[in-house]
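The figures that follow rest on heavy atoms only: side chains count, while hydrogens, waters and symmetry mates do not. Order of appearance sets the numbers: ligands from 1, and atoms from 1 within every ligand.
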Amino acid sequence: MKNASPDTILTHAGNDPHANFGIVNPPVYHASTVLFPTVAALEEAGHSFDGVRYGRIGTPTSQAFEATVARLEGGFKAVTAPSGLAAITTALLAFVSAGDHVLVTDSVYGPTRLFCSDMLKRLGVEAEFYDPLAGAAIERLIRPNTRVVFLESPGSLTFEVQDVPAIAAAAKQAGAVVMIDNTWGTPLFFKPFDHGVDLSIHAATKYMVGHSDAMLGVITAGTEEVWNRLKRNSVQLGTCAGPDDIYLGLRGLRTMGARLRQHQDTALDLARWLQARPEVARVLHPALPDDPGHALWRRDFTGACGLFAIELKPCSAAAVAAFLDGMELFGMGYSWGGYESLILPIHPEKLRTATRWRTDGPMIRLHAGLEDPNDLIADLDRGLARLAAAA
Ligand SMILES: *Cc1c(COP(=O)(O)O)cnc(C)c1O
């Protein structure tokens with residue numbers, strides 16, 4: 001269907017029931033070998049990246065997932081990766097060569113930072129971190145050999161919203177490729193290709209899979225040229241995802257719109273409640289009107305997911321432990337985007353090199369799950385009472 005809305009695309013894209021006995025969901029193709037009936041057919045499949053000729057290159061399962069994501073984002077085509085981090089490293093490796101310079105936001109996801117400062121460095125690529133709030137001023141950091149400008153907006157620990165169109169315009173002017181980790185924005189709430197981005201990267205592990213049970217990544221290319229280069233490099237790296245995990249990603253997409261609306265509403269309920277608490281110094285959530293990134297968020301985004309952070313007023317490590325150790329509904333652990341609520345102490349000040357992250361009190365990241373918001377608030381209320389008692 002042409003001009004379908006995102007919820008309709010999420011429900012139907014990539015499915016063709018009547019090609020498969022009328023069964024609603026597509027089959028999961030477990031494939032390595034693909035047979036050809038004749039030499040002519042074998043040779044025709046040649047070295048194409050589009051068809052089905054060997055499991056690692058692509059199957060109807062990976063192609064259905066990629067088609068759905070690319071359509072949602074309004075890109076040309078997508079490439080599946082076995083994790084979000086693999087999607088990021090595949091995208092970067094596809095576009096850099098020894099002697100190149102890349103600019104990476106200082107708010108970037110920690111493992112992305114490590115890949116840039118360790119592995120890219122060993123490959124002769126210099127990664128320079130830049131102030132996420134640089135905007136058009138990024139122009140001053142661009143060198144003749146700047147090949148990639150990497151964004152993540154908002155950052156998944158500190159939630160600074162970047163001026164994506166201004167940064168992308170400066171990068172384009174200099175001929176650099178613009179990549180964004182769009183995991184927080186999701187394909188529903190931020191449209192990278194409307195803002196000058198060339199590649200949009202997702203940890204599909206988060207809201208696409210949505211149930212904390214599979215690792216998956218996906219990269220959408222805005223144009224055919226970018227996709228060809230990306231796909232060729234992904235094939236060279238051999239990074240394909242398992243069919244059952246891709247199926248879980250495709251299944252997760254069917255309900256992602258409905259889930260995200262509830263994640264968004266509950267996160268805002270929790271954020272507003274936390275703002276009014278005496279133990280909390282500030283709440284970092286771009287959809288709150290007094291957040292420093294709110295104006296840019298309003299301009300460029302159509303929604304917010306369930307992930308945000310708080311800074312507590314200064315208190316002891318024992319008080320933080322008293323708060324977090326006794327949570328009943330909020331689990332403590334890495335990742336986010338599943339159906340359940342999570343809470344985590346974070347230390348963004350340790351992950352900065354270009355800028356200083358200032359915080360007086362301990363920082364906590366929260367993921368609002370699909371539980372009843374009142375039950376979550378009650379859990380937080382008891383936690384903050386434990387914190388106050390231990391302080
Ligand atoms: C989790 C995450 C990743 C990495 O995804 P994995 O699937 O865990 O490899 C990348 N970027 C952001 C912003 C993330 O939160």
**Asked** Taking 4.0 angstrom as the limit, do R143 and E126 come out as a salt bridge?
**Response** yes
**Asked** When you check the gap from the basic side-chain N to the acidic O, do R299 and D163 get nearer than 4.0 Å?
**Response** yes
**Asked** Are any side-chain N or O atoms of Y130 and backbone N or O atoms of F150, one a donor and one an acceptor, separated by less than 3.5 Å?
**Response** yes
**Asked** Other than V28, which residues form its hydrophobic cluster under the rule that side-chain heavy atoms must be closer than 4.5 Å?
**Response** Y247
**Request:** Identify, with sequence neighbours excluded, every residue that meets ring pair (Phe, Tyr, Trp, His ring centres under 6.0 Å) alongside H367.
**Result:** Y207, H263
Expected rows: ligand 1 N/O, protein N/O, dist below 3.5 Å:
from, atom 1, to, atom 2, distance (Å)
ligand 1, 7 (O), G84, N, 2.8
ligand 1, 7 (O), T205, OG1, 2.5
ligand 1, 9 (O), G84, N, 3.2
ligand 1, 9 (O), L85, N, 2.8
ligand 1, 11 (N), D181, OD2, 2.6
ligand 1, 15 (O), K206, NZ, 2.6
ligand 1, 15 (O), W336, NE1, 2.9

**Asked** A322: what forms a side chain to side chain contact (heavy atoms under 4.5 Å, CB included) with it, not counting sequence neighbours?
**Response** R386, A390
